[in-house]
Amino acid sequence: MHRWIGGGPSDRRAILSELGKDSIDQLFETIPAGVRAGDLDLPAPMDETTLLTRLEGLAAENVSLDVMPSFLGAGVYRHVEPAVVDAVLQRAEFFTSYTPYQPEISQGTLQAIFEYQTIISRLAGLDVANASLYDGATAVVEAALMAHRVLKGTRNRVVVSEAVHPMYRRVLATYTSALGIEVVTVPAGEDGRSDAQRLADAAGDEACCIVVQSPNFLGAVEDLSAVAGAAHGRGALAVHVVAEAASLGILKGGGAHGFDIVCGEAQAFGIPAGFGGPHLGFFATRTKLVRQMPGRLVGQTVDAEGQRAFCLTLATREQHIRRAKATSNICSNHGLMLLAAVVWLELLGGKGLAELARANLARAEDLKRQIRALGGGWKLAYPDTPTFNEFLVLGPANGTKLQQALLDRGVLGGVPSRLWGGSWPDGLLVAVTERTTKDDVAALIDAMEKIS
Amino acid sequence: MRRRPLRNERLIFEHNRERRARGRYELPPLDVPAVDAGSVLPEEQVREPLADLPDLGELDVVQHFHRLSQMNFAVDEGLYPLGSCTMKYNPRVNEVAARLGGFTALHPLQPASQVQGALRVMWELDQVLKTITGMDGVTLQPAAGAHGELAGMLMIRKALEARGEHREEVLIPDSAHGTNPASATFAGFEAVEIASGPDGTVDMEALDRMMTDRVAGIMLTVPNTLGVFEPRIVEIAELVHGRGGLVYMDGANLNAFLGKALPGAMGADALHINLHKTFSTPHGGGGPGAGAVAVSRGLVPHLPVPRVIRDGDAFEILWDDPASIGPMRGFYANFLILVRALTYIWGLGAEGLAETAEVAVLYANLVRHRLTSAYHLEYDAPSLHEVVFDDAFQRAHGVTNVDISKRLLDYGFHPPTMSFPLIVHGALMIEPTESPAPEEVEAFCEAMLAIAREAEESPELLHEAPHETPVRRVDEVEAARHPTLRWEPSEKS
Amino acid sequence: MSVPKDLRYTKTHEWIRREGDVAVLGITHYAQDQLGEVVYVELPDAGTRAAPGEELGTLESVKAVSELFSPVGGEVIAVNERLTDAPHLVNDDPFGEGWLVKIKISEEPELLDAAAYEKLVAEESQ
């Protein structure tokens, strides 16, 4: 009789008797004997106290970011975490409900998504955003596959800048390899930025899209107008990937520069690092392409009394209706993460988001200035390239060794730039946010000075 | 659901319309010199703050979301018998565990020495899922069931390639979830539908005929979407394996035989497990879920990377393996969902797992027994964890499954899954799960019986339902004909 | 269920009306009833070549998608532009204002007459 399971022995006997059965086993008679499970080799059930003690023990084996200065980024950033966000997420009306298929009793979830779609589409500089995807990597995949569909499958090449997050590119390769879509990777130039001409050359007349990330994996802010022009010049769609969504507080989304799809990772908006997930994939495009868009959408309508109401819409794109011809196999979204993002964004407001982004920029510029002054083999890989809150630093050893040496001095100094390979210099990607303190920076600079 | 919000909640963009400066959330003080953005960033890329998102005080935002929440139905409110979704109770201790600072404030790229506890969580969950399924390997990467299906089908593709074979088709019963054909397609296969036999299970003759050397395998839901266990599951797997194919098992309905039967023994080569269904992680209004995939020995080499590997007492991450299909997503998994699932499984233990399936099946049979006289049952094979009725009796009075579902809202219950599986016209798919007290299940049955009477006596009551919800029946046709997918400032209301 | 006598039908529930060497094409009353309220119609551009049985477009309701197959071979010479803003015409007047495309016929296979189509519908609706 477990606390999470309804009823007790006498309740169950009464039901069995109503069903005319002698035992529960009779209800499982259709399962052939050969596939039955014996006693499973699992630990005994645990009471809540014992259970939590065990989990706390595991959590305590980790070194939390709360106890060590951290400059780790590379797709996961630690921004402010207002108490209100988790308080909203803990409301059972949000977290214990399902997909809002019944709009009459799901207006809360639906309106929150509608507000999220509105804000994301504005940040992206495009007309419409979906109700979220799994994460940044899968959002990039969905963008490439959508471009492939928009061009009716006639163009089988995806051109992607090498400075798109290597992990995203790897996931793209997993998906495209099964579909016979070719991925051509174009290295960034000497300044860490993608070269629009080289992207266009790689595209030829075969590409369905050109994909760049900005700020890119190396931290560089790309020349977005040039890239959009290159893509359109070759008859391809232009895809702007954003791995650090806080940058959208100060930098226009790709839609403003002519991009057709803006997508990526919105973990920055109030979602904990959480050892890599769950995070939040976002996706925006133009109205005219909406029928090729993957993922759920919420629309505004009216109820039987003419009152404003919201519901899921344009579902005919999705797998439960179009089955093998669906625009994606996704049949969920990261609803609760989207809720975290929309609460976070609304709490900060438009001005707060801008202020946050400016604080990131200012702290990054301050740290870059201090590193420029260091000497001892430490320098910026791309000293003249515009960046937001992350940049590539070269030191007296390779990235992996630098990371370890800094860790020995009590600082998580950055992510080795060649963790996943890459044709760029081997150093550390160093990220700051508005949470980075003067003391954190002093600890990093002090540790760097001692390694030379 | 009689409760209404005190008033309709405006969109956030309609608050503080004068855009007055107000005390909003404060950032840590900026103790470095401010920077002129235009001087360090390309000037044409620098944006103005979003004008539509107003300054609001903390209580304004809290009230906004509190009021929105009041318009939602949830598991904590009442029975949520949504078939194939397994809307069970989400234990609160899961939430506490997943919010421990040692899990949330953890960057995925911290050195392995700093994240041993997190890697251990994944390794432990991996072990228990292998035990529960009787299979040989597990990936925890997929973010949802459909994502798990795709991972499984890509592994099947890779395994066939490793044998030097190229097979184009995948057989999928007509009763399957729409994700099955979609996932097969995105894995580069052609989905071929195989008709169900008269009892709703796989037609062995059709399978025998269709299972050629062009066929990579079959995608099978066990128990199937009618809640019926495939009685010839072992023969099906033997036939498919005998012809060089592989068996993908959709584990969406694992709650039906948790601790009772082993997919490994049934001949499954890949099986996805919806942690948000069977293992109680919250549905979150649509996600995030997690769709772990268990595989047979032949597919183990092809599991996605990165993987957690154990070296003595230490755990490491393996990023590269040429035999792998590659990564399915960023980083490792929806880790904080995994923490919840492991907490749940450890809380239940082996006995609790078996008890889960027992009570889930008992309740589904109770519902079936109580409603059989009032609702039509197209397929009468024995039910496990769910039962699929339809609206055939009520259609005579001009009442559809939609009307029945909307009326249920007035009685304070979430409706069943509607119009699925496709092989049942006007389907009402009911899955009570094991969580509620019997009184709650009985009250639901009473409501369904009352609605069946209303359908005969006053069908207009059902056509116009719901009556008691925060909004009345929502016009989904209007939404699709004139898509309004975001708020526009001109819409001053 | 209305089935006008002067039209020809397909097993996939399209109808055509001959106007000289042009076929006006639509879906039947039965088809629109099965589909439910049409919310979106996707039609080919004028100039598209179609073979008999080839997919020409799709019609969508809120919860279903139905493909439109060309009953004849030929060239699409006109599409019903009004459906972009008024897809409900397919429901309101399937044999009239809810027509979908006009095709200049180059190949016309055997089609069902009204009696044969009525029989088909009677069988399907059982």
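Because the structure is a prediction, the values reported are computed rather than measured. Every chain is numbered from 1 and lettered A, B, ... according to where its sequence line falls, protein lines coming before strand lines. All values below come from the heavy atoms of this structure, side chains included, with hydrogens, waters and symmetry mates left out.
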Of the non-hydrogen atoms in A/Val171 and B/Gly330, which two are nearest, and what is the gap between them? CG2-N, 4.3 Å
Does atom CD of B/Glu351 have more than 12 heavy-atom neighbours, drawn from other residues, nucleotides or ligands, at distances under 6.0 Å? no
If the threshold is 4.0 Å, N to carboxylate O, is there a salt bridge linking B/Arg473 and A/Asp303? no
Side chain, backbone, both or neither of A/Glu355 within contact of chain B (heavy atoms, under 4.5 Å): both
Report which part of A/Ala359 has an atom under 4.5 Å of a heavy atom belonging to chain B: side chain, backbone, both, or neither. both
Give, as side chain, backbone, both or neither, the part of A/Val76 having an atom under 4.5 angstrom from any heavy atom of chain B. both
Bottom line for A/Ala354: the part with an atom under 4.5 Å from chain B's heavy atoms is side chain
To the nearest 0.5 Å, how far apart are OG1 in A/Thr118 and CG in B/Leu11? 7.0 Å
Just by distance, no angles: are the side chains of A/His334 and B/Asn334 close enough, under 3.5 Å, to form a donor-acceptor pair? yes
Please find the pair of heavy atoms, one from A/Glu104 and one from B/Val474, that lie closest to each other, and give the distance. OE2-N, 3.0 Å
Under the 3.5 angstrom rule, does the side chain of A/Asn329 hit a backbone N or O of B/Ala146 as a donor-acceptor pair? yes
Quick one: pull up CZ in B/Arg47 and CG in A/Leu251 and give me the separation to the nearest 0.5 Å. 8.5 Å
Should the pair B/Arg24-A/Glu346 be classified as a salt bridge under the 4.0 Å nitrogen-to-oxygen rule? no
Donor-acceptor pair, distance only, cut-off 3.5 Å: does the side chain of B/Gln45 make one with the backbone of A/Lys252? no
B/Asn72 and A/Gly108 have their tightest heavy-atom pair at OD1-N, 3.1 Å
Would the distance check show the side chain of A/Thr96 and the main-chain N or O of B/Ala74 forming a donor-acceptor pair, the cut-off being under 3.5 Å? no
Heavy-atom cut-off 4.5 Å, strictly under: side chain, backbone, both or neither for A/Phe94 against chain B? both
So how far is it from B/Arg486 CZ to A/Leu297 CG, rounded to the nearest 0.5 Å? 13.0 Å
Picking from B/Leu342, B/Val40, B/Asn90, B/Val228, which has the most non-hydrogen pairs under 4.5 angstrom with chain A? B/Val40
A/Pro103 and B/Lys406: which non-hydrogen atoms are nearest, and at how many Å? CD-NZ, 4.0 Å
Please classify the contact between A/Thr109 and chain B as side chain, backbone, both or neither, with a heavy-atom cut-off of under 4.5 Å. both
Tell me, please, which residues at least two apart from B/Tyr344 pass ring pair (Phe, Tyr, Trp, His ring centres under 6.0 Å). A/Trp4
Are any side-chain N or O atoms of A/Asp11 and backbone N or O atoms of B/Pro438, one a donor and one an acceptor, separated by less than 3.5 Å? no
Heavy-atom proximity to chain B below 4.5 Å, by part of A/Ala74: both
Scanning both residues in full, the closest heavy-atom pair of A/Pro386 with B/Pro42 reads CB-CD, 3.9 Å
Does the side chain of B/His66 pick up a donor-acceptor pair with the side chain of A/Arg91 at under 3.5 Å? yes
What about the rings of A/Phe275 and B/Tyr332, do their centers lie closer together than 6.0 Å? yes
Is the distance between the ring centroids of A/His320 and B/Phe420 under 6.0 Å? no
For A/Arg12, is it the side chain, the backbone, both or neither that has a heavy atom under 4.5 Å from a heavy atom of chain B? both
side-chain contact (heavy atoms from CB on, under 4.5 Å) between A/Leu353 and B/Leu53: does it pass, once the steps are laid out? CA-CA 10 Å; A/Leu353 178 64; B/Leu53 209 48; 5.8 Å; no
Of all of B/Gly347, B/Ala34, B/Cys85, B/Gly352, which one pairs up most often with chain A through heavy atoms under 4.5 Å apart? B/Gly347
Top contributor to chain A interface from B/Arg99, B/Glu44, B/Glu464 [non-hydrogen pairs under 4.5 Å]: B/Arg99
Which distance, rounded to the nearest 0.5 Å, do you find between the OG1 of A/Thr437 and the CG of B/Asp31? 7.5 Å
Plane angle bin for B/His283 and A/Tyr98 - parallel if under 30°, tilted between 30 and 60°, otherwise perpendicular: perpendicular
Which answer fits B/Val128, side chain, backbone, both or neither, if we ask what part of it has an atom under 4.5 Å from a heavy atom of chain A? both
Who wins among B/Ser280, B/Ala265, B/Ala21 for the most heavy-atom pairs under 4.5 Å with chain A? B/Ala265
What are the two closest heavy atoms between B/Pro111 and A/Leu412, and how far apart are they? CD-CD2, 3.6 Å
With rounding to the nearest 0.5 Å, note down the distance linking CZ in A/Phe28 to CZ in B/Phe229. 10.5 Å
Between the main-chain N or O of A/Ala92 and the side-chain N or O of B/Asp76, is there a donor-acceptor pair closer than 3.5 Å? no
Taking only residues two or more places apart in sequence or in another chain, which ones pass ring pair (Phe, Tyr, Trp, His ring centres under 6.0 Å) with B/Phe13? B/Trp487
Using only heavy-atom distances, determine whether the side chains of A/Thr301 and B/Asp475 contain a donor-acceptor pair under 3.5 Å. no
